[in-house]
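Here the structure comes first, spelled out in structure tokens, and everything after it is commentary.
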Amino acid sequence: MKIVCNTAVLAEACNIVQRGVPQKSTFPAAEGILLQAKNSKLTLTGYDLEVGITTSIECSAESEGSIVLNARLLCDILRRLPAQSVTITSDSHNLCKISSGDAEFSVVGIPADDYPELPTVSGGVPFSIKHNILRDMVKQTIFAVASDDIKPVHKGIKFEVTSNNLRLVSCDSFRLAIRNEAIQYDGEEMTFVVPSKTLSEVVKLVTENDDDDVTLSIGKKFILFEVGNFRIISRLLEGQFFNYNNAIPTDCTTKARVNVKLILDSVDRTSLLISSKIKSPVRCIFDENLIRVSSATSLGSASDKIPAAIDGKRLEIGFNNTYLSDCLKTVDVDEVNISLTSPVSPIVITPIEGDSFLFLIIPMRLKNEAISN
């Protein structure tokens, strides 16, 4: 194989594909990037046996071929090359020469035949969604994915595709996030769960261009995302996802309409006394068009209050400050509704109009002593 590429273009492609390469593996070829030169195209692949990333760039190929090079070493070399073009040559003994300007490296490669085969999604059901919409939907659900759960299926986001609607759902033991969006789709209904790691990589690739689409093709065990010139293939998570519909309260005794920035700032202020070592709930009292927010730890106490439109009876409840902040930071509206039933029942956060999102949080039990505001 002998090819000539633009150094900057190849370096950028390698840096992205490298995200699909495991840092350590008992399988040496898996720690590399597969380079395949054919028809004036250089295809790069990184695959950790769960998530694979591929892309192709233009190249001048004097001779076609393929080789696997250590991903970390290849990316480090490309970042430091002095010239605008780079020549990569490999021989029958898998010795690879990388030259650019006066710089030249000799690197021992691995035969392409040793590289793990990337799965394919044949006969997958495709649909498309705008870049910015998918990015926002993932952002508003990925924070609630379980980081440590007995059921691996909860380490992903559930996709529910119905006629002209896409719903993303995530949950752990303490919170639930739902995001709805209208899409153009009239095929059969589908549900599948995508690992959060995969979606993090997809979101990193999406652009701000509203006119660009992300295309998804769903097979029985794998899903393929096509984002611009990149393809990300991932194994789907298997298992019985939490029946979240049964967890959402159907009525409430107290409802508050509140400015998102006001309550978020108030929670952040009163949480300054709380840390990973000093845990304590944020206490919220919903009463007489005010939300009184307070906290108390061994370091001291803090209190604050913000205006809100309260409908219903007075209610005092405690929250994990991080769980509440995580929800509020993702919304893109000025005001939300907070629906409450009792001090020990989940709260529900929704938009003032429509059903684009729903967040559910399990409260923390409060001690009997209260802090006056």
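- Put simply, the side chain of S345 never gets that close to the backbone of T341: no donor and acceptor are under 3.5 Å apart.
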Quiz item: Where do I183 and I133 land on the side-chain contact (heavy atoms from CB on, under 4.5 Å) test, with the steps shown first?
Solution: CA-CA 10 Å; I183 62 170; I133 293 176; 5.7 Å; no
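- Between atom CG of residue L340 and atom CG of residue L315 there is a gap of 5.5 Å, rounded to the nearest 0.5 Å.
- Counting only residues at least two apart or in different chains, salt bridge (Lys or Arg N to Asp or Glu O under 4.0 Å) contacts with residues 10-34 comprise R19-E201.
- Note that the CD1 atom of I362 and the CZ atom of F319 stand 10.5 Å from one another [nearest 0.5 Å].
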Quiz item: Would N180 and R167 satisfy side chain to side chain donor-acceptor pair (under 3.5 Å), going step by step from the backbone distance to the final call?
Solution: CA-CA 4 Å; N180 292 300; R167 168 176 285 189; 2.7 Å; yes
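- Two different hydrophobic clusters hold V161 and V153 under the rule that ILVMFWY side chains link at heavy-atom gaps under 4.5 Å.
- One hydrophobic cluster, built from ILVMFWY side chains closer than 4.5 Å, holds both I142 and V227.
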Quiz prompt | Derivation and outcome, side-chain contact (heavy atoms from CB on, under 4.5 Å), residues I129 and D213 | solution = CA-CA 5 Å; I129 184 171; D213 285 341; over 6 Å; no
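- By the ring pair (Phe, Tyr, Trp, His ring centres under 6.0 Å) test, F225 pairs with no residue at all, sequence neighbours left out.
- Side chains of S298 and I278 form a contact here, defined as non-hydrogen atoms less than 4.5 Å apart.
- Few gaps surround CD on E104; more than 12 heavy atoms of other groups in view lie less than 6.0 Å from it.
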Self-check item: C96/V108 under side-chain contact (heavy atoms from CB on, under 4.5 Å): CA gap, chis, key distance, verdict
Solution: CA-CA 6 Å; C96 184; V108 177; over 6 Å; no
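- Under a 3.5 Å cut-off, the side chain of S339 and the backbone N or O of C252 do not form any donor-acceptor pair.
- Of all heavy-atom pairs spanning A37 and L42, the tightest one is N-CD1, 4.1 Å.
- Residues V282 and I306 fall within the same hydrophobic cluster, defined by Ile, Leu, Val, Met, Phe, Trp and Tyr side chains chained together at heavy-atom separations under 4.5 Å.
- Taking a 6.0 Å sphere around CG of D334, one finds it holds 12 or fewer heavy atoms contributed by other residues, nucleotides or ligands.
- Distance alone, capped at 3.5 Å, places no donor-acceptor pair between the H154 side chain and the V145 backbone.
- Side-chain contact check for D76 versus L74: every heavy-atom pair is 4.5 Å or farther apart.
- Taking each heavy atom of T162 and Y185 in turn, the nearest pair found is O-CD2, 3.4 Å.
- Heavy atoms only, all atoms of each residue included: L273 and A302 are closest at CD1-N, 3.7 Å.
- Remark: side-chain polar atoms of N289 are paired, donor with acceptor, to backbone N or O of I310 under 3.5 angstrom.
- Between S266 and D304, the side chains place a donor N or O and an acceptor N or O closer than 3.5 Å (distance only, hydrogens not considered).
- Checked by atom type, the side-chain pair T215/S128 shows a donor-acceptor distance below 3.5 Å.
- Taking the six-membered ring for Trp and the full ring otherwise, Y115 and F27 have centroids separated by 6.0 Å or more.
- A salt bridge between D326 and R175 is present, with a side-chain N of the basic residue lying under 4.0 Å from a carboxylate O of the acidic one.
- Distance check, rounded to the nearest 0.5 Å: CG of L360 to CD1 of I349 gives 9.0 Å.
- When the side-chain hydrogen bond (donor to acceptor under 3.5 Å, both in side chains) test is applied to Q36, no partner is found at least two apart in sequence or on another chain.
- Side-chain atoms of N94 and I110, non-hydrogen and from C-beta on, never get closer than 4.5 Å to each other.
- Contact of the T141 side chain with the I178 side chain is not registered, since no non-hydrogen atoms from C-beta on lie closer than 4.5 Å.
- For NZ of K151, the number of neighbouring non-hydrogen atoms (other residues, nucleotides, ligands) closer than 6.0 Å is greater than 12.
- Atom CG in L237 sits 10.5 Å away from atom CD1 in I157 (nearest 0.5 Å).
- By the 6.0 Å contact criterion, CG on N243 is enclosed, its count of non-hydrogen atoms from other residues, nucleotides or ligands being greater than 12.
- Residues Y323 and V258 fall within the same hydrophobic cluster, defined by Ile, Leu, Val, Met, Phe, Trp and Tyr side chains chained together at heavy-atom separations under 4.5 Å.
- Nearest heavy atoms, P363 versus P343: CG-O, 3.5 Å.
- Ion pairing of K130 with D212 is absent here, as no side-chain N (NZ or NE/NH1/NH2) approaches a carboxylate O to less than 4.0 Å.
- A donor-acceptor pair is defined here as one N or O able to donate and one able to accept, closer than 3.5 Å; such a pair exists between the side chain of Q140 and the backbone of T330.
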Name each donor-acceptor pair under 3.5 Å that joins a side chain in residues 189-198 to protein atoms two or more places apart or in another chain, with its distance.
residue: S196; atom: OG; partner: K155; partner atom: O; Å: 3.2
residue: K197; atom: NZ; partner: D48; partner atom: OD2; Å: 2.4
residue: T198; atom: OG1; partner: S234; partner atom: OG; Å: 2.7

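- By the ring pair (Phe, Tyr, Trp, His ring centres under 6.0 Å) test, F222 pairs with no residue at all, sequence neighbours left out.
- Here CD1 of I57 is found 8.0 Å from CG of N6. Values are rounded to the nearest 0.5 Å.
- Looking at L44 and L10, their side chains come closer than 4.5 Å, going by heavy atoms from C-beta outward.
- The minimum heavy-atom distance linking I274 with S295 is given by the pair CD1-CB, 4.1 Å.
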Exercise. Check step by step if salt bridge (charged side-chain N to carboxylate O under 4.0 Å, His left out) holds for R231 and E226.
Key: CA-CA 5 Å; R231 294 159 59 91; E226 296 181 74; 3.5 Å; yes
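- With sequence neighbours left out, the salt bridge (charged side-chain N to carboxylate O under 4.0 Å, His left out) criterion links D265 to K261.
- Two residues are said to be in side-chain contact when any heavy atoms from C-beta on lie closer than 4.5 Å; F105 and L81 meet this criterion.
- Within the 4.5 Å cutoff, the side chain of I232 has heavy atoms near those of the L205 side chain.
- Judged by distance alone, the side chain of S90 and the main-chain N or O of S66 form no donor-acceptor pair under 3.5 Å.
- Side-chain contact between T55 and T43 is absent, with no heavy atoms from C-beta onward closer than 4.5 Å.
- Taken together through direct or relayed side-chain contacts under 4.5 Å among Ile, Leu, Val, Met, Phe, Trp and Tyr, L34 and L49 form part of one hydrophobic cluster.
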Quiz item: Between S303 and R292, does a side-chain contact (heavy atoms from CB on, under 4.5 Å) hold up when you go through it step by step?
Solution: CA-CA 7 Å; S303 64; R292 303 176 186 273; over 6 Å; no
Quiz prompt | salt bridge (charged side-chain N to carboxylate O under 4.0 Å, His left out) assessment of K255 paired with D311 | solution = CA-CA 5 Å; K255 179 176 285 188; D311 182 18; over 6 Å; no
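- Heavy-atom minimum distance, Y47 versus P22: O-CD, 3.9 Å.
- Atoms CE and CD1, on M364 and I317 in that order, are 11.5 Å from each other to the nearest 0.5 Å.
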